[in-house]
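Structure, as structure tokens:
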Number of protein chains: 2
Amino acid sequence: MLDEAVKLESLPEAGGEPERRVRDRGATERAILAAAKGLLAEEGFQNFGINAVARRAGCDKQLIYRYYGGLDGLVEAIGADLGTWVKDRIPEDTGGMFLLTYGDLMERLSLLLLDALRNDPLMRRILAWEISENTEQVRRLSEARSKALALWLERMRGSLAPPKGVDAAAVNAVIIAAIQHLVLAAASGGQCAGLSLKTSKDWEKTATALKRIVRGVYG
Amino acid sequence: MLDEAVKLESLPEAGGEPERRVRDRGATERAILAAAKGLLAEEGFQNFGINAVARRAGCDKQLIYRYYGGLDGLVEAIGADLGTWVKDRIPEDTGGMFLLTYGDLMERLSLLLLDALRNDPLMRRILAWEISENTEQVRRLSEARSKALALWLERMRGSLAPPKGVDAAAVNAVIIAAIQHLVLAAASGGQCAGLSLKTSKDWEKTATALKRIVRGVYG
DNA sequence: CCCGCTACTCACCGATTGGTGACAGCGGGA
DNA sequence: TCCCGCTGTCACCAATCGGTGAGTAGCGGG
């Protein structure tokens with residue numbers, strides 16, 4: 001048997017920090033998931049890896065393998081968490097407006113989506129990830145995000161039907177594409193196609209242009 | 001004084017490939033630049049590094065440091081090369097159409113840009129890079145791309161003035177954002193906001209929606 | 001013919017990556 | 001009380017990364 005006392009003394013700062021992590025698998029799992037989401041949101045997918053997540057969670061990476069089956073499972077858990085995105089962003093009322101026409105609806109939806117993405121770094125990082133990589137793990141994350149977005153749109157749309165004669169699905173996809181790219185460009189470079197996207201005044205101009213476009217198609 | 005014959009024989013596949021690279025600095029520089037552009041276009045910015053470029057160029061990475069001053073200089077050289085992007089994509093005529101209104105112009109420009117980006121993997125990768133990272137090297141590359149795009153738009157616009165009463169700069173930025181995001185989403189996931197972007201039929205629908213949007217704002 | 005300049009290659013460095021096996025320590029059940 | 005299982009830690013692995021210093025190979029001018 002080896003001398004434990006010596007071994008304990010040889011530990012760096014042994015006893016310096018009184019709060020030793022209690023043995024709680026659930027808490028550790030939550031800490032890992034939170035670390036992963038925070039890391040992805042703050043640093044982006046570039047330096048998103050087992051080592052970085054474990055470092056941020058303050059535990060050994062082995063636990064990530066054990067509890068989530070590696071990075072893939074962890075990413076999948078993040079995707080599952082994305083389901084909560086929807087219910088957090090469904091306003092109870094229509095903001096005091098009466099949405100009589102499909103144009104009213106889409107204008108409001110566009111601006112809401114723009115703001116929601118502007119204030120959601122995690123969603124932005126996932127969006128950028130989707131565009132930059134095409135691996136299986138990203139594809140599944142993308143699917144979860146896409147599903148959340150679709151559900152959100154459906155809930156918001158209510159029973160209002162799109163006008164006939166226009167391919168609303170395609171038009172809306174183009175509009176959503178514009179919103180997503182504007183937000184991504186703003187978050188990284190602060191501009192898009194020469195249009196500055198920094199100050200709130202910039203965003204007012206952008207919102208106005210977006211409204212004008214939506215009104216142009218849907219009247 | 002050392003035996004060359006033995007040394008030659010010890011080389012792997014010595015004499016197997018008769019074409020030994022001639023000593024030509026210019027050619028090597030061009031090979032490195034071509035390797036960098038090809039690698040970026042095909043593999044994306046994720047695995048874009050000194051080692052990978054040198055491997056593809058078939059030379060030692062040391063030469064990249066020597067001739068381009070490292071990856072930064074190489075990226076800058078790619079950016080400088082982007083200036084040629086403009087002149088390659090300026091059609092001589094207007095495709096037999098008379099562009100009487102600003103709406104005519106923007107509709108045509110939108111579709112041209114859509115196609116140009118769809119057929120330019122390097123530009124797409126750079127675009128995705130801009131959105132995902134915000135380092136100095138990417139910022140400079142972004143600037144070069146932005147400048148090229150602005151020049152292209154200016155050349156194409158000619159002397160046609162935008163209608164009064166609309167913030168054409170903002171509206172056009174939104175439209176360009178939509179185009180860029182659609183192309184990026186198509187290249188990675190094959191869809192955007194539930195809209196499939198794979199077959200040519202998909203793209204026809206998208207183009208129609210885009211035209212409808214442009215016509216909506218600019219009449 | 002030889003020498004020197006230059007293009008080029010190689011070997012090595014420390015750091016970091018994803019991944020695995022072994023071990024320590026606590027706690028509950030037999 | 002002993003022991004097994006679960007939680008957590010640590011040490012180590014091969015591979016790859018960016019980066020550097022030293023040395024080789026070949027062409028051209030004297």
Side-chain angles (χ1 to χ4, degrees), chain A residues 1-15 17 19-32 35-36 39 43 45-75 133 135-137, chain B residues 1-15 17-33 35-36 39 43 45-75 133 135-137:
Chain A
M1 329 312 191
L2 37 82
D3 192 344
E4 304 175 4
V6 170
K7 195 158 185 209
L8 271 179
E9 271 183 341
S10 74
L11 284 175
E13 308 166 353
E17 299 173 6
E19 48 215 354
R20 194 85 188 126
R21 165 96 106 255
V22 289
R23 295 187 147 230
D24 185 344
R25 169 161 179 168
T28 305
E29 283 181 1
R30 265 174 280 129
I32 291 174
L39 190 67
E43 307 286 333
F45 61 95
Q46 291 276 58
N47 297 94
F48 184 76
I50 286 278
N51 292 303
V53 171
R55 215 175 297 134
R56 186 185 238 252
C59 71
D60 199 273
K61 56 182 169 182
Q62 173 74 22
L63 299 184
I64 300 178
Y65 286 106
R66 271 220 264 276
Y67 299 155
Y68 290 96
L71 253 197
D72 296 1
L74 188 51
V75 168
E133 223 171 4
T135 61
E136 187 57 33
Q137 62 175 351
Chain B
M1 330 307 189
L2 43 80
D3 193 345
E4 303 175 6
V6 169
K7 194 157 184 210
L8 273 178
E9 271 181 341
S10 72
L11 284 174
E13 309 166 352
E17 299 172 6
E19 48 217 352
R20 192 86 186 128
R21 166 95 106 259
V22 289
R23 293 187 150 232
D24 185 343
R25 170 161 179 166
T28 304
E29 284 181 1
R30 265 174 280 128
I32 291 175
L33 185 57
L39 190 67
E43 307 285 334
F45 61 94
Q46 291 275 56
N47 298 95
F48 184 77
I50 285 279
N51 293 303
V53 171
R55 216 176 297 135
R56 186 184 238 252
C59 71
D60 197 272
K61 57 182 169 182
Q62 174 73 23
L63 299 184
I64 300 177
Y65 287 106
R66 272 220 260 279
Y67 299 156
Y68 291 95
L71 252 197
D72 297 0
L74 188 51
V75 168
E133 223 171 5
T135 61
E136 186 56 34
Q137 61 175 351

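Keep in mind that what you see is a predicted model, and the values were worked out from it rather than measured. Within every chain, numbering begins at 1; the chains are lettered A, B, ... in the order of the sequence lines, protein sequences first and strands thereafter.
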| query | What pair of heavy atoms forms the shortest contact from B:Ile50 to B:Tyr65, and how long is it? | reply | CG1-OH, 3.9 Å

| note | Heavy atoms of B:Ala57 and B:Ala31 approach each other most closely as CB-O, 4.1 Å

| query | Roughly how many Å is it from CZ in B:Phe48 to P in D:dG18, rounded to a whole number? | reply | 10 Å

| Please give, in whole Å, the distance from D:dG8 P to A:Asp24 CG? | 7 Å

| Closest nucleotide among D:dT7, C:dC10, D:dG8 to the B:Asp60 side chain | C:dC10

| task | Return the angle between end axes of the helix from C:dC1-D:dG30 to C:dA30-D:dT1, with five pairs used per end and rounding to 10°. | result | 30°

| Mind checking what makes side chain to side chain contact (heavy atoms under 4.5 Å, CB included) contact with B:Tyr67, not counting sequence neighbours? | B:Arg25, B:Thr28, B:Glu29, B:Ile32, B:Leu63

Can you name the atoms? Protein N/O to nucleotides 13-17 of chain D N/O, anything below 3.5 Å, with the distance.
unit_1, atom_1, unit_2, atom_2, d
D:dC17, OP2, B:Arg55, NH2, 2.9

| Side-chain touch A:Arg55/A:Lys61, heavy atoms, less than 4.5 angstrom | no

| message | I'd like to check the side chain to side chain contact (heavy atoms under 4.5 Å, CB included) partners of B:Asp72; sequence neighbours left out, ordered by chain and number. | response | B:Gln137

| field | Any donor-acceptor N/O pair under 3.5 Å between C:dT6 base and B:Arg23 side chain | value | yes

| query | Can you tell me how far C1' of D:dT9 sits from CZ of A:Arg25, to the nearest Å? | reply | 16 Å

| request: Compare side-chain N and O positions of B:Thr28 against OP1 and OP2 of C:dA7 and report whether any pair is under 4.0 Å apart. | output: no

| Those residues that, when tested against A:Phe48, pass side chain to side chain contact (heavy atoms under 4.5 Å, CB included) (two or more places apart) | A:Ala36, A:Leu39, A:Leu40, A:Val53, A:Leu71, A:Val75, A:Ile78, A:Trp129

| field | Inter-residue atom distance A:Arg30.CZ - A:Asp24.CG, 0.5 Å rounding | value | 6.5 Å

| field | Nucleic acid contacts - residues 62-73 of chain A versus DNA chain D, non-hydrogen atoms under 4.0 Å | value | A:Gln62, A:Leu63, A:Arg66, A:Tyr67

